[in-house]
Chemist: 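The structure is given below, and queries will be raised subsequently.
Numbers here simply count residues along the sequence, with the first being 1. One-based numbering, in listed order, for ligands and for the atoms of each. In what follows, every heavy atom counts, from backbone to side chain, and hydrogens, waters and symmetry copies are set aside. These figures come from a predicted structure and were not determined experimentally.
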Amino acid sequence: MSKELAARFVKRFGKKVAIEADFQWLADRFSITVLFGPSGCGKTTTLRCLAGLERPEEGKITFGKSTWFDAEERIHLSPQQRGIGYLFQDYALFPHLTVFRNIAYGLRGVSRAERRKLVGAMLERFNLLGLEDRFPHQVSGGEQQRIALARVLVCRPQLLLLDEPLSSLDSPIRKQLRTDLRYLLIDFDIPVVLVTHDRIEAMALADHLIVLDQGRIRQQGPVAEVFNRPVDIDVARIVGMGNVQPGRIVETNEGLATVEVGNRQLTAFAPIPLAEQVYVCIQPEEVILQKASPELSSPRNRLLGTIKSLTHEGPTVLVTIDCGFSLVALVTRPASEELALTVGMPITALVKTPAVHLIPRS
Ligand code: ATP
């Protein structure tokens with residue numbers, strides 16, 4: 001039977017409204033929903049309200065047929081009653097317990113033999129075999145994270161809540177675990193809600209994204225949709241839309257709009273009527289660079305320009321081009337080397353029509 005997580009609540013601190021949440025999604029199998037937004041926007045408080053660690057003042061939270069919270073009916077189930085697994089930002093491992101006993105902690109009422117079996121399976125699954133007799137301070141940050149995950153998942157929760165699970169880790173291990181985390185969780189086949197303010201983490205991990213700002217949900221949907229098609233300029237700013245330029249629609253015809261940006265014209269989809277004044281948004285990774293001007297190519301938007309700057313960022317290069325307006329493209333380092341990109345050289349930027357997103361400017 002399909003199970004839905006539905007939450008509609010108001011959480012106040014003093015007289016101030018901290019969070020106004022309203023979301024629901026199918027939560028009957030593995031998927032990662034990311035709560036994303038700037039510091040202080042209410043991500044952790046939302047997660048804690050879902051967990052039962054914080055009590056909202058108004059509203060209702062249901063999971064499938066069970067009511068976890070109902071302000072009017074005075075229902076407020078504990079995290080244990082909700083069957084929640086909650087991973088704290090600092091993992092909150094017990095320093096005086098061994099790795100084995102940390103993982104076994106939630107298995108009260110389970111026979112010794114069964115406990116050995118369950119913890120053993122977790123040690124194997126999380127690549128922790130051989131560490132069972134160590135204490136938390138005797139293992140690495142990445143291992144601590146896996147121990148904390150194993151401790152939560154050994155109890156087979158029906159919903160897993162992760163608060164900034166990678167924030168305590170150093171940069172190289174953080175990148176590795178970003179890749180591993182999805183793979184580690186997928187086997188457990190439970191829905192996951194994860195908090196992060198890191199754009200790359202959100203893009204790498206989320207199926208579904210909820211953008212929060214000042215305690216309000218500003219947009220939610222599939223991750224690519226939210227990152228590439230923000231509903232307004234505030235969400236565009238929060239998701240780090242790389243190119244935002246003021247533009248003017250000069251023509252619309254059969255669902256396509258011609259937009260003037262700087263002294264150039266671009267083609268964009270315009271499925272709904274839009275005001276004349278718009279913001280033109282393009283994610284840098286959607287811009288393709290070519291050396292010569294291609295005679296034939298499918299992208300409608302072919303922009304000749306000059307490279308103004310190259311910024312190296314790890315394995316990628318941000319290329320700023322003057323093509324009648326300032327356009328930023330993101331390419332890999334090998335692609336940049338192959339094209340022998342240098343400041344001042346002429347370049348052609350190609351942008352497919354669906355990659356040009358328009359937001360009304362009013
Ligand atoms: P960060 O990314 O910095 O952790 P966040 O998005 O998780 O931030 P929250 O920690 O949920 O944000 O805080 C949301 C708002 O509620 C903030 O303005 C914060 O100051 C306020 N707040 C959180 N907890 C409390 C509390 N116990 N008492 C009073 N105000 C609080």
Chemist: Checking the N or O distance criterion of under 3.5 Å, is ligand 1 in contact with G42?
Modeler: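 Between G42 and ligand 1, an N or O pair is found under 3.5 Å apart.
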Chemist: Identify, for atom 2 (O) of ligand 1, the protein heavy atom at the shortest distance, and state residue, atom and that distance.
Modeler: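 Ranked first by proximity to atom 2 (O) of ligand 1 is K43 NZ, 2.8 Å.
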Chemist: Judged by atom type as modelled, is there a donor-acceptor pair below 3.5 Å linking the side chain of T196 to the main-chain atoms of D198?
Modeler: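 Yes, the answer is positive, given that a donor and an acceptor are paired below the 3.5 Å cut-off.
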Chemist: So, for atom 27 (N) of ligand 1, does the protein have a heavy atom nearer than 4.0 Å?
Modeler: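 Protein heavy atoms within 4.0 Å of atom 27 (N) of ligand 1 - there is at least one.
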Chemist: Among T45, I19, D213, whose heavy atom sits nearest atom 9 (P) of ligand 1?
Modeler: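 The residue whose heavy atom sits nearest atom 9 (P) of ligand 1 is T45.
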Chemist: Is S39 in polar range of ligand 1, meaning some N or O pair under 3.5 Å apart?
Modeler: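 Min N/O separation from ligand 1 is below 3.5 Å for S39.
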Chemist: Once salt bridge (charged side-chain N to carboxylate O under 4.0 Å, His left out) is applied, what residue pairs with a partner in residues 324-342 remain, sequence neighbours excluded?
Modeler: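 For residues 324-342: none.
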Chemist: Any N/O of Q89 closer than 3.5 Å to an N/O of ligand 1?
Modeler: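 N/O-N/O distance below 3.5 Å does not exist for this pair.
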Chemist: In this structure, is the centre-to-centre distance between the rings of F69 and F9 below 6.0 Å?
Modeler: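 Judged by ring-centre distance (under 6.0 Å), F9 and F69 do not meet the cut-off.
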Chemist: Quick one: nearest non-hydrogen protein atom to atom 4 (O) of ligand 1, plus distance?
Modeler: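 Heavy-atom neighbour on the protein nearest atom 4 (O) of ligand 1: T44 OG1, 4.0 Å.
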Chemist: Check H197 against ligand 1 and report side chain, backbone, both or neither, counting heavy atoms closer than 4.0 Å.
Modeler: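 Neither part.
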Chemist: Short list, please: which atoms of ligand 1 are under 4.0 Å from a heavy atom of P38?
Modeler: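 Listed by number with element: 6 (O).
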Chemist: Who pairs with S309 by side-chain hydrogen bond (donor to acceptor under 3.5 Å, both in side chains), at least two apart in sequence or on another chain?
Modeler: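 T320.
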Chemist: Mark yes or no: R82 above the aromatic ring of Y86, with NZ or CZ under 6.0 Å from the six-membered ring centre and no more than 45 degrees from the axis.
Modeler: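 Not flagged: R82 not positioned over aromatic ring of Y86.
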Chemist: At what distance is the nearest protein heavy atom to atom 17 (C) of ligand 1, and which residue and atom is it?
Modeler: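 It is G40 O, 3.7 Å.
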Chemist: Return a yes/no value: protein heavy atom under 4.0 Å from atom 19 (C) of ligand 1?
Modeler: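 Answer no: nothing from the protein, no heavy atom, is under 4.0 Å.
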Chemist: Considering distance alone, does some N or O of F13 sit under 3.5 Å from an N or O of ligand 1?
Modeler: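 Looking only at distances, the answer is no, because the N/O contact criterion of under 3.5 Å is not met.
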Chemist: Say whether G37 and ligand 1 are in contact under the criterion: heavy-atom distance to a ligand atom below 4.0 Å.
Modeler: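 Checking ligand 1 against G37, which is what was asked, there is no heavy-atom contact under 4.0 Å.
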Chemist: Between atom CG of L47 and atom CG of L162, what is the distance when rounded to the nearest 0.5 Å?
Modeler: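 Nearest 0.5 Å value for the CG-CG distance: 8.0 Å.
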Chemist: Show the numbers, then the answer: is there a salt bridge (charged side-chain N to carboxylate O under 4.0 Å, His left out) between D207 and R182?
Modeler: CA-CA 11 Å; D207 296 297; R182 250 193 105 85; 3.2 Å; yes
Chemist: Closer than 4.0 angstrom: is that true for some heavy atom of K16 and an atom of ligand 1?
Modeler: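 Yes.
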Chemist: With no hydrogens and no angle check, just 3.5 Å: does a side-chain donor-acceptor pair link H357 and Q283?
Modeler: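 Not at all, the side chains of H357 and Q283 share no donor-acceptor pair under 3.5 Å.
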Chemist: Is it the case that the side chains of T33 and W25 hold a donor-acceptor pair, with the cut-off being a distance below 3.5 Å and no angle test?
Modeler: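 Distance-only check passes for W25 and T33.
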